[in-house]
Amino acid sequence: MNETQNSLGAYLKLHWKTAVFLVVLLIGIGLADIFVDSYMRRLLNLCAIYVIVSLAMNLVNGFTGQFSLGQAGFMAIGAYTVAIFTVPVESRTAIFYLEPMAPFLANIQLPFVVALILGGLASVVVAFFIGSPCLRLRGDYLAIATLGFSEIIRIVFTNTQSITNGALGIKSIPTISSLWWTYGTALLIIIATILLVYSSYGRAFKSIREDEIAAEAMGVGLFKTKMTSFLIGAFFTGIGGGLFAALLGTVDPKQFYFTLTYNFLLIIVLGGMGSISGTIIASFLVTLGQEALRFLDEPMAFGLDLPIFRPGLRMVVFSFLLMIIVLFYRKGLMGTNELTWDFMAQKFQSIKKKLSRKKTSTEGGGK
Amino acid sequence: MSLLRTENVIMQFGGVVAVNDLNINIKKGELAALIGPNGAGKTTAFNVITGVYTPTSGKVLFTPTDKSGTATEIDITGKKPDKITALGVARTFQNIRLFKELSVLENVQVATHLNTDYSFLSAILRTPKARKGEAQAKADCEFLLERLGLIDLRNEKASSLPYGQQRHLEIARALATKPQLLLLDEPAAGMNPQETDELTDLIFKLKTDFDLTIFMIEHHMDLVMEISDHIYVLDFGCTIAKGTPDEVQNNPKVIEAYLGVDADVED
Amino acid sequence: MKKPLSVLLSLALVVTMAAGCSSGTTTTSSGDSDVIKIGVFEPLTGANAAGGELEVEGVELANKLRPEVLGKKVELVIADNKSDKAEATTAAARLIEKDKVVAILGSWGSSLSIAAGDVVKTNQIPAVALSATNPQVTAGNDYYFRVCFLDPFQGTVMANYASKKLNAKKVAIIQEVSNDYSVGLAKFFTDSFVKLTGDPNAIVATGNYNTGDQDFNGILTNIKAANPDAIFAPGNFTESALIIKQARALGITAPFIGGDTWETNEFITVGGADVEGAVMSTFFDDTNPLTEAGKTFVAEYKKAYPDRENIAAVTALGYDGYMMTLDAIERAGSADPVAIRDALAATKDFEGATGMITIDANGDATKNEAIIKTVKDGKFTYMDSVTID
Amino acid sequence: MVVGMTMETFLQQLINGLSLGSLYALIAIGYTMVYGILRLINFAHGDIFMMAAYFTYFGIAVFFLPWYVTFIITIGLTILLGVTIERVAYRPLRDAPKTSLLISAIGVSFLLENVATYLFSGKPQAFPEFPLLTTPFFIGGLSIQPVSIVIPIVAFILMSALLFMINKTKLGMAMRAVAVDYDTAKLMGIKINGVISSTFAIGSALAAVGAILWCMKYPSVLPLMGVVPGLKCFIAAVIGGIGNVKGAVLGGLILGFSEVLMVAFFPALTGYRDAIAFVILIIILLFLPNGLLGKKQVEKV
């Protein structure tokens with residue numbers, strides 16, 4: 001191995017565009033953090049959380065090819081862990097007013113970061129128990145079993161009054177509003193995912209997606225590898241859930257109905273199963289798009305009182321879009337490609353070529 | 001010394017006996033071939049050896065040599081395919097099973113995964129150990145691609161390669177697992193005579209250079225007769241003959257069951 | 001190998017884009033225009049849509065009657081919180097930041113109001129809950145008020161009714177375990193009923209169900225075996241109507257009693273003949289308005305919706321919430337949110353359609369009167385009004 | 001915690017379990033048929049069921065058609081819906097990766113739910129009453145609604161008819177052939193599209209019958225009413241061995257009885273009732289991955 005490649009200088013030389021870009025990105029987040037209003041801030045925070053959870057889902061579904069639908073459940077675990085451990089002790093009696101909090105938890109309060117990581121780890125533990133039976137099974141059973149588990153988690157949280165406060169949920173969770181929490185975490189997770197995907201482990205994930213039998217014949221342990229991916233995904237999702245709880249300041253079991261998972265499914269399908277950059281773009285498009293399409297639910301859209309614009313239309317349009325993508329743009333925005341400098345240069349070249357060809361062809365037609 | 005032995009292996013699917021009482025004994029360093037008409041159970045035999053199927057009864061025994069040079073016989077019957085591969089058995093597939101969306105290089109790199117000695121955490125953190133491992137694996141893979149004449153295509157998608165090169169890539173990928181025994185399932189299928197000749201040479205060279213033992217299913221009789229040390233003939237799941245190419249060629253059962261009935265198979 | 005890190009490009013692009021467009025939108029609406037915007041924060045889709053629509057009707061009716069305050073036009077901005085908490089916080093933030101409302105009304109469903117609580121608190125925009133009866137809505141939040149009574153009060157009312165009017169000694173409870181309202185009300189009822197009867201085992205059976213369940217035969221068969229004098233089943237009207245239907249089919253004859261959420265047309269259409277005689281507590285009765293404002297409201301409602309048979313209590317509360325807020329703006333003499341908050345907190349003896357409203361230190365309406373209604377001939381019919389001190 | 005369970009209560013619970021289980025069984029058959037042939041979890045099946053309930057509601061309560069006409073129209077429309085879904089959302093993806101097909105199924109389910117919410121509002125509609133079938137009669141302390149007896153009978157008749165069709169008719173043979181080996185069946189000259197469409201037609205018709213009976217017993221119609229029954233019936237099909245009609249019926253009954261009996265014997269756990277289906281699913285998958293009556297599947301290499 002070449003020694004110089006290890007040094008920072010050499011790395012920067014090789015990836016100077018990326019380095020510059022990262023700096024610009026950080027400055028961008030900093031500026032946004034100072035200047036955006038709280039509505040936009042909330043949306044941007046939500047975008048970052050969606051990036052985290054979708055990326056985790058894509059790691060399992062897109063890169064490893066294991067169709068898992070348990071995102072809502074893992075988010076719930078992360079969210080509740082943060083909620084339970086960060087709610088100020090003094091306000092707990094007021095919140096748990098139907099049944100007091102279980103004594104072994106009632107006086108434990110942890111710093112946000114600790115609770116956040118604990119939430120990720122808790123969801124890893126649960127994922128291990130879910131994964132052990134399910135990851136040995138055929139793919140489509142995994143889908144239904146993870147969906148089922150996510151429902152079980154919700155039902156359990158509804159019924160364990162003294163720990164989760166049941167249907168009442170937990171409120172007064174200390175909130176985060178700075179973009180740095182969510183974007184910082186998202187950035188770390190994106191980088192970790194990139195490094196993972198472009199490592200031997202990432203290639204093992206992809207080989208399973210491509211052909212399980214061949215992967216196994218090449219020495220890739222199916223169960224172990226699937227499990228690694230599943231657990232990492234669960235960890236990230238738990239973290240995403242924890243941030244979600246801290247963003248909203250309140251959690252209750254209904255938030256984690258399994259249809260929540262469909263949001264992330266839409267994102268990874270739109271972005272491209274197996275594309276990190278696609279997932280990131282799609283997370284923003286979907287989250288901001290859902291807000292932007294609000295006018296569809298308002299009867300007075302465009303100043304016309306059209307009866308077709310009424311609550312519910314937005315979701316119809318949304319689910320319709322999902323169908324269109326699945327049926328006609330099966331690979332989503334990016335397929336399994338990434339938005340790298342090379343990729344962009346290539347695209348740019350091909351567009352340029354197309355344009356110039358058009359030009360010549362119209363000229364030719366003119367003669 | 002025998003490298004791979006099977007003892008009375010029977011593989012049954014419902015009422016169908018695909019492999020019946022298979023007894024093979026492959027010695028270290030030899031090149032053995034498994035022939036027989038279509039549907040004779042050859043690929044099933046491979047699948048049993050590599051762990052894709054667990055045999056209904058019987059044993060598969062493999063004697064790998066470890067780093068210190070000691071050889072121990074291990075019962076690999078019903079072990080998971082990846083465990084068997086890790087012990088030193090690699091294979092190619094009759095109907096080509098490449099990782100289509102991955103690049104040529106990545107295809108081969110996947111096969112080095114079983115030799116990674118760092119955790120996924122060090123992979124994420126890119127620890128010196130992980131970097132070193134990755135670089136080493138990459139270098140190994142590039143070396144293999146060089147040997148199989150695919151180095152210039154390393155960044156192409158596997159699915160975009162022409163058929164013959166896909167077969168080469170399958171071999172490169174199998175070699176990257178650092179096998180002691182290589183199972184080739186019809187490596188020359190679909191190749192023209194010239195390509196077949198080249199492949200024959202290549203297999204021979206690889207065998208010596210990588211110190212391999214090869215077990216091969218093949219329909220091209222020229223190839224089989226030219227390079228095999230030992231041949232097993234399967235028909236309807238049963239071993240009807242075994243021996244050197246000469247012995248097999250002159251075995252009346254083989255001529256009747258195989259060559260006699262389906263003579264144009266040699267093309 | 002490609003340069004994987006450059007993947008991050010997309011992230012920056014969109015962040016800067018988003019930051020760009022947000023700064024564009026915020027500057028457009030200015031503070032000193034000639035309209036005062038009030039946000040209506042209600043579920044118009046999802047599980048709570050029916051309740052949300054009824055409240056919006058009340059708010060819109062009130063807005064029609066009193067479209068101006070301080071010489072400025074009042075504009076309602078209706079935001080759908082989709083019966084979903086995550087949407088709720090975004091919707092509330094949107095009303096405040098994007099639409100620049102000075103006050104918010106809503107939402108049906110306590111948990112949605114609770115979710116919005118932090119948003120209104122940190123942005124210092126007053127909010128008035130209309131029918132959210134959970135104590136948590138206003139607890140520890142200086143910016144949330146309400147015009148309805150609370151669950152502990154309602155639970156006590158129904159326990160009194162069961163004990164005194166029905167002479168019940170043993171009661172069975174069926175609660176919607178995934179619904180905070182239902183669980184809370186069941187708990188307050190239990191406490192109060194046990195105290196009234198002095199019998200710690202007065203609750204003879206408890207059944208739990210989840211929102212959306214349709215089969216209750218299992219729970220009801222257990223309850224039938226326990227043979228209670230009455231069954232308290234607060235919860236969503238759909239499930240409650242099915243519960244009563246199935247109970248009657250099983251031959252359970254004990255009377256069913258419940259809370260304010262039952263008072264919807266769907267309860268009667270789904271329940272049919274079987275919900276006859278079901279008893280519930282509620283905020284308002286259109287045949288017996290308690291105040292002059294109540295009479296005006298009923299008259300105007302009948303004018304606006306001539307084909308409606310009865311008026312939901314939550315519609316009256318929607319009306320009250322709007323009127324009380326406008327009253328506070330007038331008293332504050334400005335459309336400054338903090339001034340409105342202070343005026344709301346100082347509300348005393350405001351005459352609403354549902355009674356006289358005084359806001360206490362918690363931000364709750366002190367109401368000591370509840371209406372008891374029953375279903376008679378397919379209509380919600382006034383039975384009694386109960387006062388508890 | 002069993003509070004003095006009497007024989008009467010127990011029998012009543014058994015009746016409850018039988019009628020609920022039979023309803024699950026009817027819907028589960030539709031899942032099993034589609035899975036048997038396409039190897040696809042038809043996520044939209046529960047929503048097809050929901051649409052059938054709306055068709056019946058509109059026929060009787062809005063257009064005042066006689067019930068028998070409505071039932072025929074409902075079954076017809078539901079078949080049309082099911083076949084259309086297959087045509088539009090599944091057929092173009094038949095050669096695509098499994099995941100795409102599964103996502104498409106989820107998409108259809110999501111779309112139907114949202115369209116129904118948009119068109120019919122989230123409010124429940126009251127399903128018309130059928131006093132003849134719902135007025136209970138009493139045997140001792142037992143209360144029995146006639147519909148509770150009709151449901152298992154209908155389920156049994158339909159199952160038998162279906163088994164006859166699958167085993168004895170030409171279409172049934174074609175279905176079995178497609179289920180075993182899609183490509184070979186094609187080579188044998190079987191019209192794959194026709195067979196698959198028929199499968200969806202039969203599955204949807206069963207969903208329609210299930211919806212009508214369901215609504216007679218639980219008379220409210222909602223856009224999301226198909227979600228939970230849909231999931232549970234899929235689980236019922238897996239428990240019995242997916243792809244197997246008898247298995248679906250068995251699974252449905254097991255699920256119905258387990259739910260009701262859990263409520264009967266452990267009243268304190270009633271809040272966990274919806275979880276029981278998933279718990280059984282996991283246990284079955286762990287110990288009998290092919291379900292109770294399913295066959296082992298061997299993957300071709």
Side-chain angles (χ1 to χ4, degrees), chain C residues 43-54 82-83 172 174-178 183 204-226 236-239 241-243 245-252 264-274, chain D residues 3-6 8-13 15-17 19-20 23 61 114 117-118 121-127 129 131 134-136 138 141-145 147-148 214-215 217-222 224-225 227-229 256 259-265 267-275:
Chain C
L44 299 174
T45 49
N48 302 346
E53 276 172 37
L54 289 173
K82 286 186 64 191
S83 317
I174 303 177
Q175 59 179 353
E176 189 178 343
V177 73
S178 50
V183 177
V204 287
T206 308
N208 297 328
Y209 66 92
N210 279 297
T211 317
D213 280 2
Q214 291 185 307
D215 174 65
F216 307 97
N217 286 309
I219 304 173
L220 288 166
T221 304
N222 286 341
I223 286 176
K224 188 184 178 189
N236 233 341
F237 47 83
T238 321
E239 288 86 347
L242 286 177
I243 288 173
K245 263 189 114 59
Q246 289 171 27
R248 298 297 178 239
L250 279 170
I252 296 174
T264 55
N265 285 324
E266 284 74 16
F267 182 70
I268 291 176
T269 52
V270 173
D274 290 322
Chain D
V3 250
M5 162 112 39
T6 59
E8 185 188 298
T9 309
F10 184 66
L11 282 177
Q12 183 77 59
Q13 294 288 26
I15 295 169
N16 298 338
S19 66
L20 182 65
L23 279 173
N114 287 322
T117 310
Y118 175 70
S121 94
K123 291 185 205 168
Q125 307 293 349
F127 194 78
E129 301 239 12
T134 51
T135 316
F138 293 87
L142 284 187
S143 142
I144 301 168
Q145 282 180 303
V147 67
S148 304
W214 183 282
C215 289
K217 199 155 167 56
Y218 311 116
S220 76
V221 187
L222 276 162
L224 298 179
M225 66 182 286
V227 176
V228 173
E259 283 192 0
V260 169
L261 292 181
M262 183 181 93
V263 173
F265 286 105
L269 296 182
T270 48
Y272 291 98
R273 175 175 163 166
D274 284 347

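Convention: sequence-line order gives letters A, B, ...; per-chain numbering from 1.
For C/L242 against D/S220, the heavy-atom pair with the smallest separation is CD1-OG, 3.6 Å. In terms of heavy-atom proximity, C/T238 sits nearest to D/P124 at OG1-CG, 3.5 Å. Considering all non-hydrogen atoms of both residues, C/G218 and D/Q13 come closest at O-NE2, 3.0 Å. Taking every heavy atom of both residues into account, D/K217 and C/Q246 meet most closely at O-NE2, 4.4 Å. The nearest pair of heavy atoms linking C/A225 to D/T9 is CB-OG1, 3.6 Å.
Most heavy-atom pairs under 4.5 Å with chain D, from the set C/T264, C/N210, C/D215, C/T206: that is C/D215. Heavy-atom pairs under 4.5 Å with chain D were tallied for C/V177, C/T269, C/L250; the largest tally goes to C/L250. Listed options D/W214, D/Y272, D/F127 were ranked by heavy-atom pairs under 4.5 angstrom with chain C; first place goes to D/W214.
When heavy atoms are compared at a cutoff of 4.5 Å, D/E129 approaches chain C solely by way of its side chain, counted from C-beta outward. Within the 4.5 angstrom heavy-atom criterion, atoms from both the backbone and the side chain of C/Q214 approach chain D. The contact between D/L20 and chain C is made entirely by side chain atoms (from C-beta outward), counting heavy-atom distances below 4.5 Å. Proximity to chain D is absent for every atom of C/Q175, based on heavy atoms less than 4.5 angstrom apart. In this structure, no portion of C/E176 lies under 4.5 Å from any heavy atom of chain D. Heavy atoms closer than 4.5 Å to chain C are found nowhere in D/I15, neither backbone nor side chain. Residue D/Q145 touches chain C through its side chain alone, counting heavy-atom pairs closer than 4.5 Å. With a 4.5 Å cut-off on non-hydrogen atoms, C/N222 touches chain D through its backbone and its side chain both.
Between the NZ atom in C/K82 and the OG1 atom in D/T117 there is a gap of 10.0 Å [rounded to 0.5 Å]. Rounding to the nearest 0.5 Å gives a distance of 12.0 Å between CZ of D/R273 and CG of C/N208. Taking CD1 from C/I174 and OG1 from D/T270, the interatomic distance works out to 9.5 Å, rounded to the nearest 0.5 Å. A distance of 8.5 Å separates CG of C/N217 from OG of D/S143, quoted to the nearest 0.5 Å.
With contacts defined as side-chain heavy-atom distances shorter than 4.5 Å, the pair D/D274/C/D213 qualifies. Counting heavy atoms from C-beta outward, C/K245 and D/Y218 have side chains that stay 4.5 Å or more apart.
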